[in-house]
Every structure is written in C-alpha cells, then in structure tokens.
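Worth saying up front: this structure is predicted, and the values here are computed from it rather than measured.
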Amino acid sequence: MTWHHPISQPHALPWLSILVPVYKVEAYLQDCAQSILAQADAGVEIIFLDDASPDGSAAILKGFQHSHPQQVSLLRHDFNQGISAARNALLKAAQGEHIWFIDADDILEAGALAKLKHIIDTHSPDLVLCDFRRLQDHGDGRARFLDEHIATFQGPSNERLKDPNLLVTGLFQTGQWHPWTKIVRRSVWPLALTFPEGRIFEDLAVFPRLVLRVQSFYHAQQVWMVYRQRPGSALSGLTEVSLTEWMQALAGYANEIELAPVQLSQSTRFEIAHFGARTFIRAAKKLHYFKTPTADKALSHFATLWQSASPLSSSELILAYLARGRFLRALQFMFWMRLSQTHLKTRPPAVPPHT
C-alpha cells in the first residue's frame with residue numbers, strides 16, 4: 001500500500017478525520033470531495049484511499065491533494081481489496097480525535113462540519129448521530145434530490161445522553177447502521193474491532209458492537225448527509241452467499257452483550273432479538289424462492305446464526321411478541337423457524353464474532 005502525506009502536518013492533532021474509500025466513483029468523486037473541502041477547517045484531516053480503482057479517480061485525488069496540501073492525504077492499494085479492507089486501512093491511518101467515514105459517491109450537506117464541531121465542543125459526546133436524505137441516481141445521468149428527512153435514531157434528540165439502552169434501542173429500531181451517519185471518538189473504538197474483509201454487510205457487523213462501548217451520545221436531528229442511491233445495491237442482488245453473510249454479520253452478538261461494559265434492559269434485548277428476527281424472515285423468504293439444492297441446509301444455518309445473535313431464545317421472543325400483541329409477527333417467526341427444522345429451545349454454542 002502506498003501512502004502520500006500532506007506537505008506538512010500541524011502540531012496539534014486534528015479534531016476530526018474524514019475517511020473516504022474510493023473505488024469506481026470517478027463520476028461522483030468531485031462532488032463528494034468539494035462538499036467536504038468547502039467547509040473543512042484547519043483541524044480536519046481528509047484521507048482518501050484509492051482501492052486500485054480502474055477509472056480516473058486516482059488523477060482526481062492527486063488534484064485534491066495538490067490544491068489542499070495541508071489537509072488531504074492519499075493512500076492507495078496496489079490491488080483491489082474491497083470496502084472493508086479500505087476502511088480498516090483508513091482507520092489505522094487516522095490521527096483525528098474523532099473519525100467519520102464518508103462514501104465517495106455521497107455528499108456532505110453545507111454547514112454540517114460547523115454543526116458537528118459545535119456539538120463536540122459543547123457536549124463532548126463519544127458518538128454523534130446525524131440524519132440523511134437521498135439522491136436518487138438512475139445511473140444514466142438522471143438524478144434528483146428527494147425532499148425527505150430520514151432519521152437514523154429513534155429517541156431523544158439534540159441533547160447529550162448517557163443511557164446505553166436508549167442508544168442501542170434507538171438504533172436497532174431504525175436499523176440505520178451505515179457509517180456515514182456516525183461520528184465516533186477515536187479512543188472509543190476497540191483496536192480489535194475491524195471491518196470483516198471479503199464480506200458485505202460490514203457495517204452491520206461493526207457498529208452494533210461499537211455502540212456497546214459508547215458512554216455518551218448525541219443525536220443531531222438534522223440532515224447532514226446526502227446518500228446517493230444507485231442501481232446495484234447489496235440488497236437488490238442478494239444470492240445465497242450474500243444472504244448468509246447478512247445473517248453472519250451479528251453472529252455471536254448475544255455473547256458479546258453479556259461481556260460488554262453495559263447492562264441492557266429486557267426491552268432493549270427484545271429490540272435486538274426483533275431486529276434479528278426481521279432479518280431472518282426476510283433472508284429466509286428470499287432463500288426459499290431460490291430453491292437451490294442447498295437451500296434447506298442454509299435455512300437451518302440461518303436459524304442457528306439468528307440464535308447466536310439474539311439475547312432472547314426463540315421461545316422467549318415468541319412470548320414477547322404475544323405479550324405485545326404482535327400476533328402476526330409471532331406466527332411469521334414460528335413458521336420460518338419450523339421450516340428451518342431448527343426450532344431452538346436452548347442456546348447453541350456461541351458463534352465467534354467476526355473479529
């Protein structure tokens with residue numbers, strides 16, 4: 001991997017590192033970078049990693065470093081290693097007190113960095129959450145901004161909070177685990193927590209684990225990010241392999257909850273189990289329609305992976321659904337569990353986490 005430093009580094013460490021993996025985004029990279037550079041102060045370092053992109057992205061990145069030598073750093077992989085490896089390399093290189101992953105085809109809303117710095121200076125949370133809107137890109141030159149506000153957190157906003165149950169519950173309720181709506185204090189991130197290389201749904205594998213280490217957080221109920229929605233997303237072309245990776249993302253999470261430095265309430269545990277059950281049902285339905293020779297075995301494996309992720313057993317979750325009047329959800333969950341032929345009454349051996 002090659003690494004190009006800025007011409008000179010300020011004596012003080014940056015208050016923020018913006019980390020941008022780059023691969024096949026030549027058409028969008030200029031808009032993304034300019035949206036960041038237009039508002040970044042001297043305390044913001046911006047690190048781009050060219051993951052051996054075959055297009056003209058490398059030349060564009062060199063132009064950014066030439067025009068902003070004090071802030072822009074460039075990394076390059078000699079061969080394409082995927083988004084997880086890119087993020088891991090960026091995380092290792094970051095020097096800022098806080099880190100923010102931004103995808104190279106997305107756009108940072110004007111004024112977002114000033115708002116973030118005010119929150120950090122005033123409240124000093126370990127984690128800042130922001131909201132987003134979408135840019136619908138059809139891939140043929142047609143794109144339009146959608147007039148919307150998508151919340152990433154369900155719960156109290158615009159104040160510093162320290163209740164881990166509020167944080168975990170609010171994130172599992174929305175299911176918005178993408179990294180570009182989360183700004184994290186670098187010291188909170190465990191050294192052993194890395195993105196799983198060679199797999200998709202890497203965000204789901206990392207951020208639910210990371211929030212178990214967060215002691216304080218702040219949800220800014222504001223749109224700071226524009227997410228470019230393009231054809232060919234991970235959810236649009238699922239295969240048996242990618243469905244398995246989806247279910248594997250939280251494998252072992254139940255055991256990690258017990259070992260974490262936070263105490264989660266029963267209602268929080270329900271939200272985690274419910275999130276996993278919704279994922280299991282969606283994955284099971286898609287797998288069922290594939291009708292591959294290995295589908296039955298894979299479905300049984302999905303149920304085992306769900307149980308390793310869930311802090312509630314299947315019978316406990318069904319009872320919790322019934323107590324909450326969610327009878328249809330209970331029936332759906334029971335149906336797919338029975339079809340998987342692994343209606344688990346006891347917890348199986350913990351599946352090791354991805355790290």
Side-chain angles (χ1 to χ4, degrees), residues 83 134 136 150-152 154 168-169 171-178 196 198-208 227 229-254 268-348 351 353-354:
I83 185 65
R134 290 175 297 164
Q136 198 169 59
I150 300 176
T152 61
Q154 182 68 42
V168 175
T169 295
L171 284 169
F172 272 101
Q173 285 179 335
T174 64
Q176 305 286 1
W177 290 109
H178 26 62
R199 281 168 37 193
I200 60 174
F201 301 104
E202 72 286 344
D203 305 340
L204 181 58
V206 168
F207 283 92
Y227 164 60
Q229 192 171 45
R230 294 192 283 156
S233 67
L235 286 175
S236 65
L238 290 172
T239 64
E240 186 174 317
V241 172
S242 56
L243 286 171
T244 301
E245 292 180 357
W246 194 12
M247 292 302 303
Q248 283 177 332
L250 283 177
Y253 194 59
T268 300
R269 290 167 183 263
F270 166 78
E271 293 295 343
I272 297 170
H274 172 54
F275 175 88
R278 285 184 299 160
T279 303
F280 168 68
I281 292 169
R282 290 177 67 188
K285 286 180 178 178
K286 289 182 179 293
L287 181 67
H288 184 65
Y289 293 126
F290 290 161
K291 300 186 185 302
T292 63
T294 57
D296 290 343
K297 183 178 180 181
L299 184 58
S300 178
H301 185 43
F302 287 3
T304 302
L305 291 171
W306 171 82
Q307 187 65 88
S308 77
S310 171
L312 303 182
S313 68
S314 56
S315 57
E316 288 172 335
L317 179 58
I318 291 167
L319 289 174
Y321 279 142
L322 296 176
R324 290 165 170 79
R326 300 188 184 184
F327 304 114
L328 180 58
R329 179 63 71 180
L331 288 172
Q332 288 177 322
F333 181 65
M334 286 190 291
F335 171 81
W336 288 105
M337 271 293 175
R338 286 195 180 117
L339 195 62
S340 74
Q341 299 180 344
T342 55
H343 188 78
L344 304 174
K345 297 182 183 298
T346 58
R347 187 178 302 284
V351 177
H354 73 280

- Message: List the residues meeting ring pair (Phe, Tyr, Trp, His ring centres under 6.0 Å) with Phe333, not counting sequence neighbours, and say none if there are none.
- Response: Trp306

- Task: Name all residues meeting the ring pair (Phe, Tyr, Trp, His ring centres under 6.0 Å) criterion together with Tyr321; count only those two or more places apart in sequence or in a different chain, and write none if there are none.
- Result: Phe270, His274

- Item | Val168 vs Glu271, side chain to side chain contact (heavy atoms under 4.5 Å, CB included): CA-CA, chis, key distance, verdict | CA-CA 9 Å; Val168 175; Glu271 293 295 343; over 6 Å; no

- Message: To the nearest 0.5 Å, what is the distance between CD on Gln176 and CG on Asp203?
- Response: 11.0 Å

- Note on the structure: Value for CG (Leu287) from OG1 (Thr294), rounded to nearest 0.5 Å, stands at 7.5 Å

- Item | ring pair (Phe, Tyr, Trp, His ring centres under 6.0 Å) partner of Trp177, chosen from Trp246, Phe201, Phe172 | Phe172

Closest non-hydrogen atom pair, [X] against [Y]:
X      : Y      : answer
Ala277 : Leu317 : CB-CD2, 3.6 Å
Pro311 : Glu316 : O-OE1, 4.4 Å
Leu204 : Leu250 : O-CD2, 3.6 Å

Side chain of [X], backbone of [Y]: donor and acceptor closer than 3.5 Å?
X      : Y      : result
Ser308 : Gly252 : yes
Ser300 : Lys297 : no
Glu245 : Ile200 : yes

- Item | Neighbour count >12 (heavy atoms, 6.0 Å) for atom CD, Gln332 | yes

- Query: Going by heavy atoms in the side chains, are His288 and Leu339 under 4.5 Å from each other?
  - Reply: yes

- Would you check if there is a donor-acceptor pair between the side chains of Thr174 and Thr152 at a distance under 3.5 Å? no

